[in-house]
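Letters A, B, ... mirror the listed sequences (proteins, then strands); counts begin at 1.
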Protein chains: 2
Amino acid sequence: MQNSFVQEFDRFLQEKKLRRTPERFKILTEIKKIDRHFEADDLILHLQREKIIVSRATVYRTLSLLEESNILRKFRFDENHFHYELHPKNSHHAHLVCVKCGTIIEFDDQELEELQARICREYRCLPVKRTVEIYGVCAKCRKKEN
Amino acid sequence: MQNSFVQEFDRFLQEKKLRRTPERFKILTEIKKIDRHFEADDLILHLQREKIIVSRATVYRTLSLLEESNILRKFRFDENHFHYELHPKNSHHAHLVCVKCGTIIEFDDQELEELQARICREYRCLPVKRTVEIYGVCAKCRKKEN
DNA sequence: AACATTATTGAGACCTTATCTCAAATTAAT
DNA sequence: ATTAATTTGAGATAAGGTCTCAATAATGTT
Ligand SMILES: [Zn+2]
Ligand SMILES: [Zn+2]
Ligand SMILES: [Zn+2]
Ligand SMILES: [Zn+2]
């Protein structure tokens, strides 16, 4: 089941007549080892630590491909870099982000599914995706403050 | 009523013991002339056209102050620059963004108010703000495609 | 009004993140 | 093995925004 990402990527590359290079698979394999949300820099560090030598350009290019193939989801919180996460199929979710410590809590957003559908119907818009982020001070940080 | 933004900013600056410089007010005045959403670059262009000479650094610094004083709201859509808009008090709204032409449609998100409250209660989180963006292909762009 | 104090400004350097360029290396088809 | 087309890596470049610091200007005090 974890490995299905590799198969999926493989299929994607074949379909698009792109090449199945070792670099691409090494990167995906490393991503699987990282916990849910990560940034490009995290990934580059992980690769370096594992002595997997891949250029920064290739990392970014592969991230794009993984996004295109719906294996990764790309997010932007209030910072100026992106976050990525392995895309759990069929499971849209939204984020609760602590403005103090940066902790990201995920929550299910079934009712947002309906909101999106309704709004798009109303404006005759073809829905593509959505981002829903709530920012606040998490329980831990609130304790610390008091 | 439009002018209340200036008064509000004035009050904010006084309270924070910041200085009420001509630059700051010229920038806010220019912002009021721009339609709803704008980017820093838009603003800088507008100022140049009106021969209002203010440095880029000051524009950015003033934008921060205006955000801090809740006169502006700062957004990031899927691009890598920010959007700003005059913050219509008490009127939260969310955005529907066309992925083809970039058109931004605003919609009311009263029901998201409740979602935010509920989620924050659940995670004992103190809500600060939220961003809700739906991306899709707008009616116009869909027509063009067919 | 002049002074002292402190904040603000502007010009350009700098930073971060990400993308682009192009020659060299690799893949995959024949 | 040969060939054609894609991919890679190193470093240049771009975009967007922030920082630095000397010069300037606002405010409070006399
Ligand atoms: Zn926190
Ligand atoms: Zn997530
Ligand atoms: Zn459109
Ligand atoms: Zn808006």
Side-chain angles (χ1 to χ4, degrees), chain A residues 6 9-31 37-48 50-69 72-84 102, chain B residues 6 9-31 37-48 50-69 72-84 102:
Chain A
V6 175
F9 194 33
D10 198 281
R11 225 177 303 133
F12 170 83
L13 294 173
Q14 270 193 292
E15 262 173 35
K16 290 255 177 181
K17 300 212 187 308
L18 298 172
R19 292 186 178 167
R20 292 173 293 160
T21 68
E23 286 82 358
R24 287 173 177 169
F25 289 103
K26 280 191 243 168
I27 290 168
L28 176 52
T29 300
E30 198 58 31
I31 287 172
H37 297 90
F38 65 93
E39 310 170 9
D41 263 354
D42 293 335
L43 177 54
I44 290 168
L45 270 175
H46 270 257
L47 289 164
Q48 281 172 346
E50 304 279 333
K51 314 264 187 250
I52 297 166
I53 293 159
V54 187
S55 75
R56 214 158 40 101
T58 297
V59 170
Y60 278 106
R61 285 186 286 229
T62 303
L63 285 171
S64 287
L65 289 173
L66 288 166
E67 199 202 347
E68 226 184 294
S69 59
L72 283 187
R73 238 172 123 188
K74 189 177 178 186
F75 289 96
R76 164 158 250 166
F77 298 114
D78 251 13
E79 306 155 310
N80 61 344
H81 57 260
F82 289 99
H83 286 238
Y84 298 85
Chain B
V6 174
F9 193 34
D10 199 282
R11 227 177 301 132
F12 170 83
L13 294 172
Q14 271 193 289
E15 261 173 34
K16 291 253 176 180
K17 301 210 187 308
L18 298 173
R19 290 183 181 171
R20 293 174 292 160
T21 68
E23 286 82 359
R24 287 174 177 168
F25 289 104
K26 280 191 241 167
I27 289 168
L28 176 52
T29 299
E30 198 57 31
I31 287 173
H37 297 92
F38 66 93
E39 311 169 11
D41 265 354
D42 292 335
L43 177 54
I44 289 169
L45 269 175
H46 270 256
L47 289 164
Q48 281 173 348
E50 304 279 332
K51 315 265 188 248
I52 298 166
I53 293 159
V54 188
S55 74
R56 214 159 43 101
T58 296
V59 169
Y60 278 107
R61 285 186 288 228
T62 304
L63 285 172
S64 288
L65 289 173
L66 288 167
E67 199 202 347
E68 226 185 294
S69 59
L72 283 186
R73 238 171 122 189
K74 188 177 178 186
F75 289 96
R76 166 158 248 166
F77 299 115
D78 251 12
E79 305 155 310
N80 60 348
H81 57 261
F82 290 99
H83 286 238
Y84 298 86

inquiry  = Measure CD/A:Glu79 against P/D:dG16 and give the value in whole Å, please.
reply    = 19 Å
query = Should the ring pair A:Phe38 and A:Tyr84 be called parallel, tilted or perpendicular, given that the plane angle runs from 0 to 90° and is split at 30 and 60?
reply = parallel
query = Side-chain contact, heavy-atom cut-off 4.5 Å: B:Val59 with B:Arg56?
reply = no
task = Tell whether B:Arg56 reaches the base of D:dG17 with its side chain through a donor-acceptor pair below 3.5 angstrom.
result = yes
query = With a non-hydrogen cut-off below 4.0 angstrom, is B:Ile44 in contact with a base, only sugar-phosphate, or nothing?
reply = nothing
ask   = Please give, in whole Å, the distance from C:dC20 P to B:Asn80 CG?
value = 12 Å
Separation of atom CD1 in A:Ile52 from atom P in D:dG9, rounded to whole Å = 12 Å
query = Considering all heavy atoms of both residues, which atom of B:Phe12 and which atom of B:Leu65 are nearest to each other, and what is their separation?
reply = CE2-O, 3.9 Å
message = Quick test of your reading: applying salt bridge (Lys or Arg N to Asp or Glu O under 4.0 Å), list the pairs with at least one residue in residues 38-48 of chain B, sequence neighbours left out, ordered by first then second residue.
response = none
key: Atom-to-atom span, CZ of A:Phe82 to P of D:dG16 - whole angstrom   = 12 Å
ask   = Got a sec: does the CD1 of B:Ile53 have more than 12 other heavy atoms crowding it under 6.0 Å?
value = no
ask   = Rounded to the nearest Å, what distance is computed from the CG atom of residue B:Leu45 to the P atom of nucleotide D:dG16?
value = 12 Å
Show me the protein contacts with nucleotides 3-7 of chain D, counting only N or O atoms at under 3.5 Å.
{"from": "D:dA5", "atom 1": "N3", "to": "A:Arg19", "atom 2": "NH1", "distance (Å)": "2.9"}
{"from": "D:dA5", "atom 1": "N3", "to": "A:Arg19", "atom 2": "NH2", "distance (Å)": "3.1"}
{"from": "D:dT6", "atom 1": "O4'", "to": "A:Arg19", "atom 2": "NH1", "distance (Å)": "3.0"}
{"from": "D:dT6", "atom 1": "O4'", "to": "A:Arg19", "atom 2": "NH2", "distance (Å)": "3.3"}
{"from": "D:dT7", "atom 1": "OP1", "to": "A:Arg19", "atom 2": "N", "distance (Å)": "2.8"}
{"from": "D:dT7", "atom 1": "OP1", "to": "A:Arg24", "atom 2": "NH1", "distance (Å)": "2.9"}

Phosphate contact (C:dT19 OP1 or OP2) by A:Tyr60 side-chain N/O below 4.0 Å = no
query = Is it true that a side-chain atom of A:Arg76 and a backbone atom of B:Glu79 form a donor plus acceptor pair closer than 3.5 Å?
reply = yes
request  = Take the protein atom NZ of A:Lys74 and the nucleotide atom P of C:dT17, then report the distance between them rounded to whole Å.
outcome  = 14 Å
note = Heavy-atom nearest nucleotide on DNA chain D taken for B:Glu39 and for B:Pro22; more 5' hit belongs to B:Glu39
message = Does this structure show an ion pair linking A:Lys16 with A:Glu68, if we count only N-O contacts that are shorter than 4.0 Å?
response = yes
query = Taking atom C1' of C:dA7 as reference, at what distance in whole Å does atom CD of B:Gln14 sit?
reply = 15 Å
key: Given DNA chain D, 5'-ward residue of the pair A:Val59 and B:Arg76, judged by closest heavy atom   = A:Val59
task = Could you state the atom-to-atom distance from CG of B:Asp78 to P of C:dT17 in whole Å?
result = 18 Å
